[in-house]
Amino acid sequence: MIDQNAFGLLISYLNIEDDEYAGERADFVQRYADFKQRLCERLTTEPPGAGARAIELGHAFYVELADGDHERDLIAWLRQTRAALTEPGFLTAGILAYGGSWQDDAEPYPSVTELGGSTLVRASAPSEPLRRALLAEAAARGDEDAGAPGWGPGLYLDVEAVDALGRKPKNQPTVLKSGGAEFFRAGS
């Protein structure tokens with residue numbers, strides 16, 4: 001196994017439960033299929049870079065690629081992806097994260113293993129960008145029952161990802177912290 005720096009891009013469907021409980025089962029199934037299709041088309045027609053690996057998580061899509069493999073501006077890619085989802089009314093959080101990601105050529109991902117009566121689907125080796133993106137996604141959702149409204153829909157950039165891209169914010173952004181990672185909002 002090798003450790004390499006990587007970028008992670010997470011696009012989360014924040015209002016999925018609202019859409020699920022708002023109407024009939026068939027309406028929700030079609031709505032989710034539309035979300036999935038739009039993201040799959042975007043990954044097919046304009047992938048963020050060579051060797052990108054995408055994981056469908058049900059409520060979100062996560063895309064990871066090695067540092068240096070991006071062929072597009074990753075921030076612009078997330079903005080455009082969110083814009084394509086905003087038109088039909090999907091509330092999303094787009095998150096760009098960065099960190100170490102382990103790769104194992106001997107055991108490629110995904111893999112499926114039967115474990116007695118269970119099926120183990122391994123989607124990733126240890127990935128700091130995935131962990132950081134999920135921390136930001138949880139903070140975007142918040143916890144209304146605990147009185148923590150969350151960051152809400154928006155584009156969230158990991159401070160380390162912006163630095164790795166060689167970019168600097170135009171002004172001093174408000175730093176949002178979640179689980180030891182630092183992000184800032186770069187648009188609603």
Side-chain angles (χ1 to χ4, degrees), residues 1-14 39-40 42-85 92-113 120-141 151 153-187:
M1 284 181 58
I2 61 165
D3 183 18
Q4 64 184 14
N5 288 329
F7 290 98
L9 301 95
L10 183 83
I11 302 95
S12 176
Y13 181 173
L14 290 181
L39 283 168
C40 288
R42 180 100 172 113
L43 288 167
T44 300
T45 61
E46 294 186 56
R53 296 172 310 281
I55 302 169
E56 180 186 350
L57 299 171
H59 73 288
F61 271 61
Y62 175 73
V63 181
E64 189 169 285
L65 62 162
D67 190 350
D69 285 355
H70 53 287
E71 298 168 350
R72 291 175 166 51
D73 178 329
L74 298 177
I75 297 170
W77 189 89
L78 271 173
R79 274 196 178 111
Q80 293 161 359
T81 301
R82 288 191 67 243
L85 293 165
T92 63
I95 299 154
L96 176 64
Y98 186 76
S101 177
W102 288 88
Q103 300 303 310
D104 188 354
D105 291 335
E107 188 175 346
Y109 296 93
S111 67
V112 178
T113 306
L120 172 65
V121 177
R122 296 182 70 211
S124 174
S127 169
E128 186 179 8
L130 174 57
R131 183 183 57 77
R132 292 168 76 92
L134 291 172
L135 288 168
E137 195 262 348
R141 287 183 180 278
W151 301 345
L155 176 62
Y156 298 99
L157 306 178
D158 182 339
V159 170
E160 291 184 19
V162 173
D163 187 50
L165 290 171
R167 308 262 297 263
K168 299 282 183 217
K170 292 179 184 175
N171 53 28
Q172 186 64 28
T174 300
V175 174
L176 304 167
K177 295 182 180 187
S178 181
E182 296 182 337
F183 296 85
F184 63 88
R185 187 183 195 117

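Not one N or O on the side chain of Tyr156 forms a donor-acceptor pair closer than 3.5 Å with the backbone of Ala140. The backbone N or O of Ser101 sits less than 3.5 Å from a side-chain atom of Asp3, completing a donor-acceptor pair.
With contacts defined as side-chain heavy-atom distances shorter than 4.5 Å, the pair Trp151/Ser178 qualifies. Side-chain contact check for Thr81 versus Thr92: every heavy-atom pair is 4.5 Å or farther apart. Inter-residue side-chain proximity for Phe184 and Val175 is flagged as unmet; no heavy-atom pair is nearer than 4.5 Å. Tyr62 has its side chain out of reach of Ser124: every pair of non-hydrogen atoms, C-beta onward, lies at least 4.5 Å apart. The shortest distance between side-chain heavy atoms of Gln80 and Arg72 does not fall below 4.5 Å. Side-chain contact between Asn5 and Pro129: absent, with no pair of heavy atoms (C-beta onward) separated by less than 4.5 Å. Under the 4.5 Å side-chain criterion, counting only non-hydrogen atoms from C-beta, Ile95 is not in contact with Asp158.
The CG atom of Asp73 sits 8.0 Å away from atom CZ of Arg79, with the distance rounded to the nearest 0.5 Å. Atom CD of residue Glu71 and atom CD of residue Glu46 lie 11.5 Å apart, to the nearest 0.5 angstrom. The CG atom of Leu9 sits 11.5 Å away from the CG atom of Leu130 when rounded to the nearest 0.5 Å. Taken to the nearest 0.5 Å, the OH atom of Tyr98 stands 11.5 Å off from the CD atom of Glu64. Rounded to the nearest 0.5 Å, atoms CD (Glu160) and CD (Glu128) are 6.0 Å apart. Rounding to the nearest 0.5 angstrom, the gap separating the CG atom in Leu165 from the NE2 atom in His70 is 5.0 Å.
When all heavy atoms are compared, the tightest approach of Trp77 to Pro47 is NE1-C, 4.1 Å. Scanning all heavy atoms of the two residues, the minimum distance from Ala133 to Leu10 falls at O-CD2, 3.7 Å. When every heavy atom of Leu157 is checked against every heavy atom of Ala186, the shortest pair comes out as CD1-CB, 3.6 Å. Across all their heavy atoms, Ala97 and Arg132 have their closest contact at CB-CB, 4.0 Å. Scanning all heavy atoms of the two residues, the minimum distance from Leu135 to Gly179 falls at CD1-O, 3.7 Å. Across every non-hydrogen atom of Leu96 and Phe7, the tightest pair is CD1-CD2, 4.1 Å.
Scored by the salt bridge (charged side-chain N to carboxylate O under 4.0 Å, His left out) test, Asp163 finds Lys168 as partners (sequence neighbours excluded). Evaluation of the ring pair (Phe, Tyr, Trp, His ring centres under 6.0 Å) rule for Tyr13 yields Phe35, Phe90 as partners, not counting sequence neighbours.
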